[in-house]
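FYI, side chains are in, hydrogens and waters are out, and symmetry mates aren't considered; it's all heavy atoms of this structure. Numbers restart at 1 for each chain; the letters A, B, ... are given by sequence-line order, proteins then strands.
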Number of protein chains: 2
Amino acid sequence: MSPNRQFKNEIYEQFSRIGKAVSNPRRLELLDILCQGERTVEGLAKETNMPIASTSQHLQVLKNSRLVEQEKKGLYVVYRPAPMVCEFFLSMRRIAETRIAEIEQIKNRFLAGKEGMEPIDRDTLLHRIREDAVTILDVRPREEFKAGHIEGAVSVPLEELGLMLAKLPKNQEIVAYCRGPYCVLSIQAVELLNKEGFHALRLEEGVQDWRAMGLPVASGE
Amino acid sequence: MSPNRQFKNEIYEQFSRIGKAVSNPRRLELLDILCQGERTVEGLAKETNMPIASTSQHLQVLKNSRLVEQEKKGLYVVYRPAPMVCEFFLSMRRIAETRIAEIEQIKNRFLAGKEGMEPIDRDTLLHRIREDAVTILDVRPREEFKAGHIEGAVSVPLEELGLMLAKLPKNQEIVAYCRGPYCVLSIQAVELLNKEGFHALRLEEGVQDWRAMGLPVASGE
DNA sequence: CTACTATTCAATAATATTGTTGAATAGTAG
DNA sequence: CTACTATTCAACAATATTATTGAATAGTAG
């Protein structure tokens, strides 16, 4: 084999390590969650309904292809995405969304029968924010809120939403968001709120999308 | 299985179609070439030293994952990348380059022993261009030049370079570029030019990189 | 030291991907 | 109509990936 050909083979072989890492649906789900903030193996396993051993193995594949980093913190090992990885994942998601028609179908099928799930669009929301006429709820686990959230949003993890109902305004629009279009937390939140007589809407975008649109993101409590 | 879990499984399954498409080194090489402009199956097979049947099969995988489009033109079928795919590929390449140390090693090993291959950096080149003190050669096949090239560059496909030597300036710097850092055309061009007594340098960036840096790209003859 | 915990390892069977080969197809040219 | 061409299909063996299971490890807590 010519040296030129061998060079190319070796280079593209290395490139394909990144591709192999994102060629498996479970690993993509893990990456998606990690892009919300670092997590322990156990936490990821719970979130994805996967056995812990499988989760660990997939995380090691991601680590070997350099898409995630690992750090021991006390009793736990936490994983987090490497730099640029979340942007890369977003770019992949965008291609899939615009090019693969099945995704729209799956979404529609899932939402069929659920009322009031048409997502609020960004411009309407920005307008309401400027008028101070909306409450924005971040219904993800609190640790993800801390790692980064839409400026002005309040952290109300889905599990705590039931207890917080009394503190929410009945006469003002409530907008709930979570990790993005394929995370069901905000859907469940809006369902509950509307059943309880609130005027609730869903924001489809997650923090990643929000940031990518150039809109303000805060972190901490 | 809960409806929520099934929804996620189906969605990430769809996302992984994109990942699977880019998990194979041959397909990545095909994509890389296609990002220079559309090509026939035969042309791609020749360029990659692959059997035609394999090339066709890989192209169909890319088509099924919606990363490339197909069009019959006369006797040939031409393939071209779908919108956003080249940006996605570039983003993947960037991650690989910065995170996977082996790539740098492979490059160094390949370049070892070749003289004068240190690439010229962008700012130096821009300075020379402003002074009109440089000739830029695009040494890719002419069809790729037509599909898009650095503004001001001259098309001299590597095969024709030998015949064109007489027309090139001996007293002025010559900069050759091709598809990017992993395409060997510009390396061969610079080797030849320096052997013939020209003052030649290599530009590592390709048209994609050039455009991504916000620099002017032209197309046509 | 012992018990315990979170994570990783190892081995297996089931499934999927790969390159290769030669044949089939569809469309062009004469 | 016939010959030809570019591409695709089909089938195979070789290899790789996957989920699952239970055991091993390393480090913490008491």
Side-chain angles (χ1 to χ4, degrees), chain A residues 1 5-6 8-9 12-31 33-34 38-65 67-80 143, chain B residues 1 5-6 8-9 12-31 33-34 38-65 67-80 143:
Chain A
M1 185 163 37
R5 172 90 330 253
Q6 186 174 353
K8 287 184 187 177
N9 285 354
Y12 288 109
E13 181 70 37
Q14 292 299 324
F15 282 178
S16 76
R17 290 170 65 182
I18 306 289
K20 285 199 199 346
V22 293
S23 70
N24 175 283
R26 314 260 164 254
R27 285 198 290 271
L28 289 172
E29 186 170 359
L30 291 171
L31 263 188
I33 296 169
L34 285 173
E38 62 179 37
R39 280 306 193 86
T40 65
V41 180
E42 205 182 13
L44 288 164
K46 207 163 283 172
E47 190 77 58
T48 57
N49 313 112
M50 270 195 264
I52 293 196
S54 298
T55 307
S56 172
Q57 266 147 222
H58 280 304
L59 286 167
Q60 277 170 81
V61 175
L62 289 171
K63 190 183 70 170
N64 288 334
S65 61
L67 290 186
V68 306
E69 294 166 353
Q70 201 187 32
E71 187 191 350
K72 182 108 193 193
K73 276 195 178 174
L75 201 51
Y76 298 84
V77 174
V78 298
Y79 283 86
R80 79 181 129 257
E143 43 189 336
Chain B
M1 186 165 34
R5 173 91 327 255
Q6 186 174 350
K8 288 185 187 176
N9 285 355
Y12 288 108
E13 181 70 39
Q14 293 299 323
F15 283 178
S16 76
R17 292 171 64 181
I18 306 288
K20 285 197 195 356
V22 293
S23 70
N24 176 283
R26 314 261 165 255
R27 284 197 290 272
L28 288 172
E29 186 169 1
L30 291 172
L31 263 188
I33 295 169
L34 285 174
E38 60 179 37
R39 281 305 194 86
T40 65
V41 180
E42 204 182 14
L44 288 163
K46 207 163 283 171
E47 190 76 60
T48 57
N49 313 110
M50 269 195 265
I52 293 196
S54 298
T55 308
S56 172
Q57 268 147 217
H58 280 305
L59 286 168
Q60 278 169 80
V61 175
L62 289 172
K63 191 183 69 169
N64 288 335
S65 62
L67 290 186
V68 306
E69 293 166 355
Q70 202 187 31
E71 187 190 350
K72 182 108 193 191
K73 276 195 179 175
L75 202 52
Y76 298 85
V77 174
V78 298
Y79 283 87
R80 80 180 129 258
E143 44 188 335

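Counting only residues at least two apart or on different chains, no salt bridge (Lys or Arg N to Asp or Glu O under 4.0 Å) pair has a member in residues 54-63 of chain B.
Between the CG atom of A:Leu59 and the P atom of C:dA6 there is a distance of 16 Å, given to the nearest Å. Rounded to whole Å, the distance from OH on A:Tyr76 to P on C:dT7 is 7 Å. Rounding to whole angstrom units, CD1 of residue B:Ile52 and P of D:dC9 are separated by 15 Å. Between B:Lys63 atom NZ and D:dT7 atom P there is a gap of 13 Å when expressed in whole angstrom units. Taking atom CG on A:Asn64 and atom P on C:dT8, their separation rounds to 11 Å, with Å as the unit. Regarding B:Leu62, its CG atom lies at a distance of 14 Å from the P atom of C:dT17, rounded to whole Å. Note: CD (B:Glu13) to C1' (C:dT15) measures 13 Å, nearest angstrom. The distance between atom CZ of B:Arg39 and atom P of D:dT7, rounded to the nearest whole Å, is 12 Å.
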Contact list (N/O, under 3.5 angstrom) for nucleotides 16-23 of chain D vs protein:
residue, atom, partner, partner atom, Å
D:dT18, OP1, A:Asn24, ND2, 3.0
D:dT18, OP1, A:Arg27, NH2, 3.4
D:dT18, OP2, A:Arg27, NH1, 3.2
D:dT18, OP2, A:Arg27, NH2, 3.4
D:dA19, OP1, A:Arg26, NE, 3.3
D:dA19, OP2, A:His58, NE2, 2.6
D:dT20, O4, A:Gln57, NE2, 3.2

I'd like a list of close polar pairs between nucleotides 26-29 of chain D and the protein, N/O only, cut-off under 3.5 Å.
none

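Legend: residues meeting side chain to side chain contact (heavy atoms under 4.5 Å, CB included) with B:Lys20, ordered by chain and number and at least two apart, are A:Ser23, A:Pro25, B:Ser16. Considering only residues two or more places apart in sequence or on other chains, A:Asn24 meets the side-chain hydrogen bond (donor to acceptor under 3.5 Å, both in side chains) condition with none of them. Under the side chain to side chain contact (heavy atoms under 4.5 Å, CB included) criterion, A:Gln14 pairs with A:Arg17, B:Ile100, B:Glu102, B:Ile103, B:Ile106, not counting sequence neighbours. Qualifying ring pair (Phe, Tyr, Trp, His ring centres under 6.0 Å) partners for A:Tyr79, counting only residues two or more places apart in sequence or in other chains: none. A:Glu47 meets the side-chain hydrogen bond (donor to acceptor under 3.5 Å, both in side chains) test with A:Arg39, A:Arg179; sequence neighbours excluded. Applying the side chain to side chain contact (heavy atoms under 4.5 Å, CB included) rule to B:Lys72 yields the partners B:Val77; only residues at least two apart in sequence or on another chain are considered. Residues passing the side chain to side chain contact (heavy atoms under 4.5 Å, CB included) test with A:Ala45 are A:Ile52, A:Thr55, sequence neighbours excluded. With sequence neighbours left out, B:Ser56 forms a side-chain hydrogen bond (donor to acceptor under 3.5 Å, both in side chains) with B:Gln60.
Taking the charged nitrogens against the carboxylate oxygens, B:Lys8 and B:Glu13 have no contact shorter than 4.0 Å, which rules out a salt bridge.
Under 3.5 Å, the side chains of A:His58 and A:Arg26 contain no donor-acceptor pair of N or O atoms.
Checking the phosphate oxygens (OP1, OP2) of C:dT7, no side-chain nitrogen or oxygen of A:Gln60 falls inside 4.0 Å. For the pair A:Tyr79 and C:dT8, the criterion of a side-chain N or O lying under 4.0 Å from OP1 or OP2 is met.
Between the axis at the start and the axis at the end of the helix from C:dC1-D:dG30 to C:dG30-D:dC1 there is an angle of 30°, using five pairs per end and rounding to 10 degrees.
If you check every strand for non-hydrogen atoms under 4.0 Å, A:Thr55 touches nothing.
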